[in-house]
Amino acid sequence: MSRLAVILLGPPGAGKGTQGRQLSSEFGYPSISTGDILREAVRNQTDLGKEARQHMDKGGLVPDGLVDAIVRDRLTRADCRRGFILDGYPRTVNQAEFLRREYAGEGMQFLAIGVQVRDEVLVKRLTGRRSCPQCGRIYHVDTSPSRKGDCCEECDSALIQRKDDTVEVVRERLQVYHQSTRPLIQYYRDSGAYAEIPGEGSVEDIYRSLRSVVQEQIAGRSS
Ligand code: AMP
């Protein structure tokens, strides 16, 4: 059976985490977020976490070598054999090249999906975002607040605001996105494995577009 790697490309706040999880539960591929892995390392105060934190708190990128090593380690696990969904990786052309080399000649199909959202919408989304540190569920203070106020509806944990979701850090993250990550759109366009979906509607509408792009790819692949 052929294998599929879905790359969710899009600025911070585009909804890659939410959409990736939904895709994962429907299609059975694990959804892997380098941001989540790095935040866990920061929480556990590992050497990686201490190094990563210096970059993350300021909205910059963690050096390619560190992130590439994390991804290599994660992708060798058994649950990735059939394929996987990447949320937040690659973020630079060097990372994309690393990923390509890792799977050269392995029969892995790549599909990069760009989620389109305007900067002003992203700023509102990110600065109002709250998340559950326990189960990962994401809320928004205006558009999708928890029915339990400051606690998670699913597991009752106290919701948190990410340190990098403040206005200043969000602006920096967007700048980094435009400078380092946006060029990946051309990179994947050139490789013929790029699709774009609108990212400003409801979570359900966005998911419908995403799902149909993935289904098309799977159908085209097996025919
Ligand atoms: P995210 O949760 O994807 O928005 O990532 C949060 C932060 O983790 C980013 O602002 C970066 O500092 C760091 N990070 C996550 N993924 C990567 C990556 N692929 N390359 C470099 N830094 C990353």
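We count residues from 1, following the sequence as given. Small disclaimer: the values here were computed from a predicted structure and weren't measured. Just so you know, ligand 1 is whichever comes first in the structure, and atom 1 is the first atom listed for that ligand. All values below were derived from every heavy atom in this structure, side-chain atoms included, with hydrogens, water molecules and symmetry-related copies excluded.
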When you measure from the side chain of His140 to the backbone of Lys124, do you find a donor-acceptor pair of N or O atoms at a distance under 3.5 Å?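 Yes, because the side chain of His140 sits within donor-acceptor range (under 3.5 Å) of the backbone of Lys124.
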Assess whether a salt bridge exists between Arg162 and Asp57, defined as any Lys/Arg side-chain N lying under 4.0 Å from an Asp/Glu carboxylate O.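 So Arg162 does not pair with Asp57 through a salt bridge.
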Residues Asp165, Arg173: salt bridge by 4.0 Å N-O rule: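 Yes.
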How about Phe27 and Tyr207: are their ring centres within less than 6.0 Å of each other?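 Here the rings of Tyr207 and Phe27 have centres that are no less than 6.0 Å from each other.
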Calculate, to the nearest 0.5 Å, the distance between atoms CD and CG belonging to Gln95 and Asp68 respectively.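 Output value for this atom pair is 5.5 Å.
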Applying a heavy-atom distance cut-off of 4.0 Å, which protein residues contact ligand 1?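 Within the 4.0 Å shell of ligand 1, which is judged on heavy atoms, sit Thr34, Gly35, Leu38, Arg39, Met56, Gly60, Leu61, Val62, Val67, Gly88, Tyr89, Arg91, Gln95, Arg162, Asp164, Arg173.
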Step-by-step side chain to side chain contact (heavy atoms under 4.5 Å, CB included) determination, Leu122 to Val170: CA-CA 9 Å; Leu122 296 168; Val170 164; 5.9 Å; no
